[in-house]
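Per chain, numbering begins at 1; letters A, B, ... match sequence-line order.
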Protein chains: 2
Amino acid sequence: MSQPPAPRRPRGRPPRISREEIIGTARRIVTEEGVGRLTMRRLATEVGSTPMALYHHVRDKEELLVLLLDDYATRTLRRPELPGEPRERVVAAATAIHEALAACPWIVEVLTADDLMSTSALWFVEQIVDGLVACGLSPDRAVHGYRAIWYYTAGEIVVRTTAARRRADDDRATYREQVFAGLDPAELPRLAQVADRWAPLTAEDTYQDGLRALVDGLTAGR
Amino acid sequence: MSQPPAPRRPRGRPPRISREEIIGTARRIVTEEGVGRLTMRRLATEVGSTPMALYHHVRDKEELLVLLLDDYATRTLRRPELPGEPRERVVAAATAIHEALAACPWIVEVLTADDLMSTSALWFVEQIVDGLVACGLSPDRAVHGYRAIWYYTAGEIVVRTTAARRRADDDRATYREQVFAGLDPAELPRLAQVADRWAPLTAEDTYQDGLRALVDGLTAGR
DNA sequence: ACCTGAACACCGTTCAAGT
DNA sequence: ACCTGAACACCGTTCAAGT
């Protein structure tokens, strides 16, 4: 996010905890127990300090979460060899972002709290925009195309992660089954037709299929 | 969600508050002050009762939010005349869902807490799946196509609503501007090229463009 | 059957003071 | 400059008791 300031002559009380230490501990809590367990108080005790000491190193909890996403992106997003063909390049770059996010279920809370503006993710954004331009889109339309891909990708992550959490909680999962079991075939014939296959069908990972359709549609006739 | 049980001979203490009253009051709080202000305690005092009384009518806060989304869908989703041409029908049905959600910024928290399984929304889902089948997709592929549209739609709402909230909070909005202002044109030429137009470009409402691209891609060559 | 009061086990954040 | 203790103003939910 921001580089540490150039080293100055130390003045006053020497720091006991650092931003890096805070983020590192937060990362451990979040990967081990989920983002729901990350509280400022918990984090403070884990770094051996008090809640208020944290506020000397991060502005508030939201900034901490953004720093955490940044840290995660820097740590895991490796730039792969991308195909030369522009459409395939767009698909590959989007898939790389998607895979990184999918491997990281706590991301959802942060996604809704921040745009994907981690500096290390920008290279992938560049590849997508550039690939779309290479397909014949104007720079403006390429940015809009990237946004459409980002909406699709973020939505897939949010919906799938939430569905997975729900599945862990039996009682609520059955509500959807009830609704589908009670469908009136006269009113909603298509849904009634696929009602018993709905759960497995929607559990399938079809991210790439949809992505390809979207990229095809965005670049059609150019 | 669930129909009220058939009226029985009343036994024991007569109820002072009803599920309808709770949902109605919750709806008022949420539309007037946002979903962040809806707490069980606040809601209890507004209906003139105590927090615990609520738990006799709803299981917990999450159920309340789902009931609220259901109530909103039933109240606002009117079935429009849809075009006969199948692709246009898919676009129109998805746009109707999108408009209803976009008019309702508190929805984001509930979207991530629930699939769009409100009974009143199912008619729109039916139209989308049926439209895709009419375009030549198999029922299974039509369901996957609906899911792709749903990911795109939910993602657009989540990302745009969050961005709008951020814009209200000046300090954080400028972080993205900083990142874009400091882009290295040698490393990320496309992004550097559009850097100064990024904010207005991504603020444009291009939901329909992306949706049409996605639907075109899903139905291409069929 | 329905509601109440008190309590449990927490939150994020601010303030004033200490070293 | 950095950290601490105590407090503020809250949360959702459970338990045991009352009517």
* Asked: Is there side-chain contact between A:V125 and B:L188, with at least one heavy-atom pair below 4.5 Å?
  -> no
* In whole Å, what separates the P atom of C:dA9 from that of D:dC10? -> 22 Å
* To do: Look at B:T50 and C:dC3 and indicate whether a side-chain polar atom (N or O) is within less than 4.0 Å of OP1 or OP2.
  => no
* Asked: What is the minimum heavy-atom distance between A:L82 and A:Q127, and which atoms define it?
  -> CD1-CG, 3.5 Å
* Asked: Whole-Å distance between D:dC11 P and B:I29 CD1?
  -> 11 Å
* **B:T39 vs B:I29 side-chain heavy atoms within contact, under 4.5 Å** => no
* So does B:H57 get a side-chain nitrogen or oxygen closer than 4.0 Å to the phosphate oxygens (OP1/OP2) of C:dC2? -> no
* Who does D:dG18 pair with, Watson-Crick or G-U, both distances under 3.5 Å? -> C:dC2
* In this structure, are over 12 heavy atoms from other groups packed under 6.0 Å from B:R28 atom CZ? -> yes
* Atom pair distance, as rounded to whole Å: NE2 in B:H56 and P in D:dT13 -> 14 Å
* Asked: In whole Å, what is the span from the OH atom of A:Y55 to the C1' atom of C:dA17?
  -> 19 Å
* Asked: Who is the Watson-Crick or G-U wobble partner of C:dG12, with both distances under 3.5 Å?
  -> D:dC8
* Starting from C1' on C:dC10, measure out to CZ on A:R42 and report it in whole angstrom. => 13 Å
* Length of the CZ-C1' vector between B:R37 and D:dC10, whole Å -> 12 Å
* For A:I17 and B:K61, take the nucleotide of DNA chain D holding the closest heavy atom to each; which residue's nucleotide lies nearer the 5' end? -> A:I17
* **A:R16 CZ to C:dT19 P, straight-line distance once rounded to whole Å** => 12 Å
* Asked: Between atom CG in A:L38 and atom C1' in C:dG12, what is the gap in whole Å?
  -> 12 Å
* To do: Answer yes or no: does a side-chain N or O of B:S49 lie under 4.0 Å from OP1 or OP2 of C:dC3?
  => no
* To the nearest 0.5 Å, what is the distance between CD (B:E99) and OH (B:Y207)? -> 9.5 Å
* **B:R41 CZ to D:dC10 P, straight-line distance once rounded to whole Å** => 11 Å
